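This report concerns only the one structure given below.
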Amino acid sequence: MAILKILTYPEKSLLQPSAKVDNADKGAIDDDIKKLINDMGETMFNAPGVGLAAPQAGVNKRIIVYDSNAANPDRDGSINEFTALINPGIIAASGSIISEKEACLSVLDYSADVKRYEKVTVRALNIEGKKLEFDAEGILAIIMQHEIDHLDGILFIDRISVLKRAIYKKKLAKKLKDQ
């Protein structure tokens, strides 16, 4: 396994929609995709984070990984197990919550409160190409929305006010100029 480079905003490829993994629904998850998934899992925990989308690793494919224990309140970080979803999509959503201080491995040195759905239903394929459908609530619902947004070319800063986004972009531009 390898630690992948995580792309950061303003990298333009982060703003592009990702392509579906071809033939995944026929169980054709090839070794390259499996290696990418394992590398993404290792990269996510190394960062450290609770989710990572393939576009963040420079791969324009609809694949996400997330910490399988992220919703466990007793999680202490000693167990690194991740779940991979291939071609995931949200098929239903309800309720409303504020994701407090939401952050992203691709948006450096910034967090913000983001309005999200409280509950989502996700449809995807697992690493074996088997169909999954599950409900996610709380932190898991936030992770699903955040990571699937990445697959659609949306960053969490696209979901905050125009003013807050402009302030972040101005600070980032200054930081990049000073480097």
Side-chain angles (χ1 to χ4, degrees), residues 3-21 36 39-41 43-67 70-71 75 77 82-124 135-179:
I3 303 295
L4 305 170
K5 179 180 186 230
I6 298 175
L7 303 179
T8 57
Y9 181 83
E11 171 60 49
K12 297 228 184 286
S13 65
L14 291 170
L15 308 177
Q16 303 300 315
S18 297
K20 281 190 167 190
V21 176
L36 171 64
D39 290 348
M40 286 173 59
T43 301
M44 174 189 68
F45 286 119
N46 183 68
V50 294
L52 186 71
Q56 292 178 275
V59 179
N60 187 16
K61 295 281 185 192
R62 292 189 71 83
I63 301 170
I64 66 171
V65 297
Y66 65 93
D67 183 342
R75 173 180 83 131
F82 67 89
T83 300
L85 299 178
I86 299 168
N87 297 337
I90 294 171
I91 59 170
S94 62
S96 179
I97 59 172
I98 298 295
S99 170
E100 296 178 357
K101 295 186 173 37
E102 188 167 322
C104 179
L105 298 173
S106 291
V107 179
L108 300 178
D109 303 324
Y110 190 73
S111 65
D113 294 349
V114 180
K115 188 174 178 182
R116 296 281 189 186
Y117 290 108
E118 185 175 16
K119 181 178 179 180
V120 295
T121 302
V122 177
R123 185 178 289 154
D135 293 326
E137 296 182 60
I139 185 68
L140 188 55
I142 291 166
I143 292 168
M144 291 300 111
Q145 291 168 83
H146 182 107
E147 300 308 329
I148 291 171
D149 272 356
H150 276 297
L151 303 180
D152 295 331
I154 300 168
L155 298 174
F156 85 96
I157 56 173
D158 296 323
R159 298 201 178 276
I160 61 176
S161 74
V162 173
L163 177 61
K164 287 180 181 177
R165 189 168 48 249
I167 291 169
Y168 170 71
K169 288 179 178 182
K170 186 175 180 179
K171 283 182 183 176
L172 180 63
K174 183 181 182 321
K175 183 178 177 179
L176 292 174
K177 183 180 176 187
D178 292 344
Q179 287 180 350

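All residue numbers in this chain count up from 1 along the given sequence. Predicted, not measured: the structure shown is a model, and the values here were computed from it.
Between P55 and L7 the shortest heavy-atom distance is O-CD1, 3.7 Å. Of all non-hydrogen atoms in L4 and A57, the two that sit nearest each other are CD1-CB, 3.7 Å. Here the closest non-hydrogen pair linking M44 and V65 is SD-O, 3.9 Å.
By the ring pair (Phe, Tyr, Trp, His ring centres under 6.0 Å) test, F156 pairs with no residue at all, sequence neighbours left out. Take Y168 and apply the ring pair (Phe, Tyr, Trp, His ring centres under 6.0 Å) test, not counting sequence neighbours, and it matches Y110.
Distance check, rounded to the nearest 0.5 Å: OG1 of T8 to CG of L176 gives 7.5 Å. Rounded to the nearest 0.5 Å, atoms CD1 (I142) and CD (E100) are 9.0 Å apart. With rounding to the nearest 0.5 Å, the separation of CD1 in I154 from CD1 in I148 is 11.0 Å. To the nearest 0.5 Å, the span separating NZ on K119 from CG on D135 amounts to 4.5 Å. The distance from atom CD1 of I63 to atom CG of L36, rounded to the nearest 0.5 Å, is 5.0 Å. Atom CE of residue M40 and atom CD1 of residue I6 lie 9.5 Å apart, to the nearest 0.5 angstrom.
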Check against side chain to side chain contact (heavy atoms under 4.5 Å, CB included), E147 and L85: CA-CA 10 Å; E147 300 308 329; L85 299 178; over 6 Å; no
One pair to check against side chain to side chain contact (heavy atoms under 4.5 Å, CB included): H146 and S99. What are the steps and the verdict? CA-CA 10 Å; H146 182 107; S99 170; over 6 Å; no
I would like to know whether M144 and Y66 meet side chain to side chain contact (heavy atoms under 4.5 Å, CB included); could you show each step before the answer? CA-CA 8 Å; M144 291 300 111; Y66 65 93; 3.4 Å; yes
Chi angles and distances behind the side chain to side chain contact (heavy atoms under 4.5 Å, CB included) call for I64, I143: CA-CA 10 Å; I64 66 171; I143 292 168; over 6 Å; no
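Ion pairing between a basic and an acidic side chain is recognised when a charged N comes within 4.0 Å of a carboxylate O; E102 and R159 show no such pairing.
Contact annotation: the side chain of K175 approaches that of D109 to within less than 4.5 Å [non-hydrogen atoms, C-beta and beyond]. Looking only at side-chain heavy atoms (C-beta outward), N60 and S18 come within less than 4.5 Å of each other.
Looking only at distances, a side-chain donor or acceptor of R62 sits under 3.5 Å from a matching main-chain atom of L151. Looking only at distances, a side-chain donor or acceptor of D158 sits under 3.5 Å from a matching main-chain atom of L155. In this structure, S106 contributes its side chain and Q56 its backbone to no donor-acceptor pair below 3.5 Å. Not one N or O on the side chain of N87 forms a donor-acceptor pair closer than 3.5 Å with the backbone of K20.
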